[in-house]
Undergrad: 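What follows is a single structure, and I will ask about it in a moment.
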Amino acid sequence: MNRAEKAALQLRAVDVLRMLKETRTYDELAETTGLPAGDLNRYVNGHVLPGTERARDVVEELGHEALSGELEARIRVDDEGYVDNSAAVFDQPFLDLVAPVVANGFDFERPDVVLTAATDGITLAASLASYYGTRCVYAKKRKETAVEEFIEARERLQSGIELTYYLPESAIDDGDAVLVVDDLIRSGETQELLLDIVETADADAAGVFALIAAGEEGMQRAREQTDAPVGALTTVY
Ligand SMILES: Nc1ncnc2[nH]cnc12
């Protein structure tokens, strides 16, 4: 971790503690975290920053659990198993808390680019890209105007419909480490297309991440396609 990442981690730990503090007293927060109430008070009030190790523990362990809980509280699954996650993907401050937890808790290689597919993954990808200080790029189902060269990935879906995603060729360089992210992974079809784009670009996958895994199928499919870590913050059904 470089100095800027350490500072970002310390600030994110404060964000996580502030989130937890909203529903707890300092004594309860001390119990949850195992840290002294006096220190917590100074962190939450912004007078002192937690050291790097403490910050890492807060973000990786507490953050992960707390954010999975927050995410679960924000999503609704309908009778047919479809997920309404608008309360998560429309909430940029929430996603800004997710980014350091993802960056520190999933063994992903440090990416040069964060890649998603338009549209619902974009806010998450933007948070992650901002945390890592990298580009955020997204493939679309149509060719953007005035771009001359595209990387294309085409697939026939389970439904029989052919789907093509297009990414401007300049978005990913040879040898880039690319973190593939999306709000939701279910069949794994979108992730497969995005991983195809990474391969066509002669780049390397740094990992595959989704906020929500709807079942295990998509995660499994992604694992078959890449050796990079594949993870989700929460799994429904
Ligand atoms: N919102 C959603 N819920 C469940 N499966 C999906 N596949 C694509 N979008 C989905």
Side-chain angles (χ1 to χ4, degrees), residues 1-22 26 29-30 32-68 70-71 91-116 121-138 170-182 198 201 203-211 226-233:
M1 249 196 315
N2 64 33
R3 188 70 196 91
E5 284 165 348
K6 281 184 186 169
L9 181 65
Q10 290 172 297
L11 292 172
R12 291 313 186 191
V14 172
D15 291 337
V16 169
L17 292 171
R18 284 180 174 156
M19 177 183 75
L20 293 171
K21 178 65 186 71
E22 281 175 23
Y26 279 108
L29 189 59
T32 309
T33 59
L35 300 175
D39 290 8
L40 290 167
N41 185 300
R42 285 185 278 278
Y43 301 152
V44 168
N45 288 316
H47 297 308
V48 175
L49 290 177
T52 319
E53 285 314 308
R54 251 186 201 184
R56 193 195 304 277
D57 290 345
V58 166
V59 169
E60 278 182 19
E61 287 166 32
L62 295 167
H64 196 139
E65 221 181 282
L67 285 171
S68 308
E70 276 291 303
L71 179 59
D91 189 341
Q92 201 76 53
F94 170 72
L95 297 174
D96 288 344
L97 283 175
V98 170
V101 171
V102 173
N104 295 286
F106 285 86
D107 294 330
F108 298 134
E109 187 190 338
R110 193 180 190 297
D112 300 302
V113 185
V114 179
L115 169 67
T116 190
I122 293 176
T123 50
L124 170 68
S127 280
L128 279 161
S130 171
Y131 179 79
Y132 284 116
T134 63
R135 291 195 302 287
C136 166
V137 307
Y138 42 93
S170 59
I172 301 180
D173 295 327
D174 280 20
D176 273 352
V178 183
L179 181 60
V180 170
V181 308
D182 213 342
V198 173
D204 300 305
V208 176
F209 174 75
L211 280 179
T226 179
D227 294 330
V230 175
L233 190 57

Undergrad: Find the distance between CG (Leu71) and CG (Leu95) and round it off to the nearest 0.5 Å.
TA: 9.0 Å
Undergrad: Is a donor on one side and an acceptor on the other found under 3.5 Å between the side chain of Asp112 and the backbone of Ala177?
TA: yes
Undergrad: Not counting sequence neighbours, list each pair that qualifies as a salt bridge (charged side-chain N to carboxylate O under 4.0 Å, His left out) and has a residue in residues 125-134.
TA: none
Undergrad: Applying side-chain contact (heavy atoms from CB on, under 4.5 Å), name anything that partners Thr226, two or more places apart in sequence or on another chain.
TA: Leu195, Ala205, Val208, Ala228, Val230
Undergrad: I would like to know whether Leu233 and His64 meet side-chain contact (heavy atoms from CB on, under 4.5 Å); could you show each step before the answer?
TA: CA-CA 7 Å; Leu233 190 57; His64 196 139; 3.9 Å; yes
Undergrad: Give, for atom CG of Leu179 and atom OG1 of Thr116, the distance between the pair rounded to the nearest 0.5 Å.
TA: 10.0 Å
Undergrad: Might you confirm whether atom OH of Tyr138 has over 12 heavy atoms from other residues, nucleotides or ligands at distances under 6.0 Å?
TA: no
Undergrad: Where is the tightest heavy-atom contact between Asn45 and Arg18, given as atom of each residue plus distance?
TA: C-NH2, 4.0 Å
Undergrad: When you compare the side chain of Val16 with that of Leu20, does any pair of heavy atoms fall below 4.5 Å?
TA: yes
Undergrad: Going through the checks in order, is the side-chain contact (heavy atoms from CB on, under 4.5 Å) test met by Glu70 and Val98?
TA: CA-CA 10 Å; Glu70 276 291 303; Val98 170; over 6 Å; no
Undergrad: Can you measure from CZ (Phe209) to CZ (Phe108) and round to the nearest 0.5 angstrom?
TA: 6.5 Å
Undergrad: Sequence neighbours excluded and cut-off under 3.5 Å, please list the side-chain donor-acceptor pairs for residues 47-63, or say none.
TA:
{"residue": "Arg54", "atom": "NH1", "partner": "Asp39", "partner atom": "OD2", "Å": "2.7"}
{"residue": "Arg54", "atom": "NH1", "partner": "Tyr43", "partner atom": "OH", "Å": "2.8"}

Undergrad: Under 3.5 Å, side-chain donor or acceptor atoms of residues 121-137 against the rest of the protein: list the pairs with distances, not counting sequence neighbours.
TA:
{"residue": "Thr123", "atom": "OG1", "partner": "Val89", "partner atom": "O", "Å": "2.7"}
{"residue": "Ser127", "atom": "OG", "partner": "Gln92", "partner atom": "NE2", "Å": "2.9"}
{"residue": "Ser127", "atom": "OG", "partner": "Asp96", "partner atom": "OD1", "Å": "2.6"}
{"residue": "Tyr131", "atom": "OH", "partner": "Asn104", "partner atom": "ND2", "Å": "3.3"}
{"residue": "Arg135", "atom": "NE", "partner": "Ala171", "partner atom": "O", "Å": "3.3"}
{"residue": "Arg135", "atom": "NH2", "partner": "Ala171", "partner atom": "O", "Å": "2.9"}
{"residue": "Arg135", "atom": "NH2", "partner": "Asp176", "partner atom": "OD2", "Å": "3.3"}

Undergrad: Looking at CG of Asp204 and CD1 of Ile172, how far apart are the two atoms once the value is rounded to the nearest 0.5 Å?
TA: 11.0 Å
Undergrad: For Arg110, which residues count as a salt bridge (Lys or Arg N to Asp or Glu O under 4.0 Å) partner, sequence neighbours excluded?
TA: Glu5
Undergrad: With rounding to the nearest 0.5 Å, note down the distance linking CG in Leu9 to CE in Met1.
TA: 5.0 Å
Undergrad: Measure the shortest side-chain to side-chain distance between Leu40 and Lys21 over non-hydrogen atoms and say whether it is less than 4.5 angstrom.
TA: no
Undergrad: Answer yes or no: does atom CG of Asn2 have more than 12 heavy-atom neighbours from other residues, nucleotides or ligands under 6.0 Å?
TA: yes
Undergrad: Once side-chain contact (heavy atoms from CB on, under 4.5 Å) is applied, do any residues pair with Glu65, and if so which ones, sequence neighbours excluded?
TA: none
Undergrad: Less than 4.5 Å apart, side chain to side chain, heavy atoms only: is that true for Val113 and Asp173?
TA: no
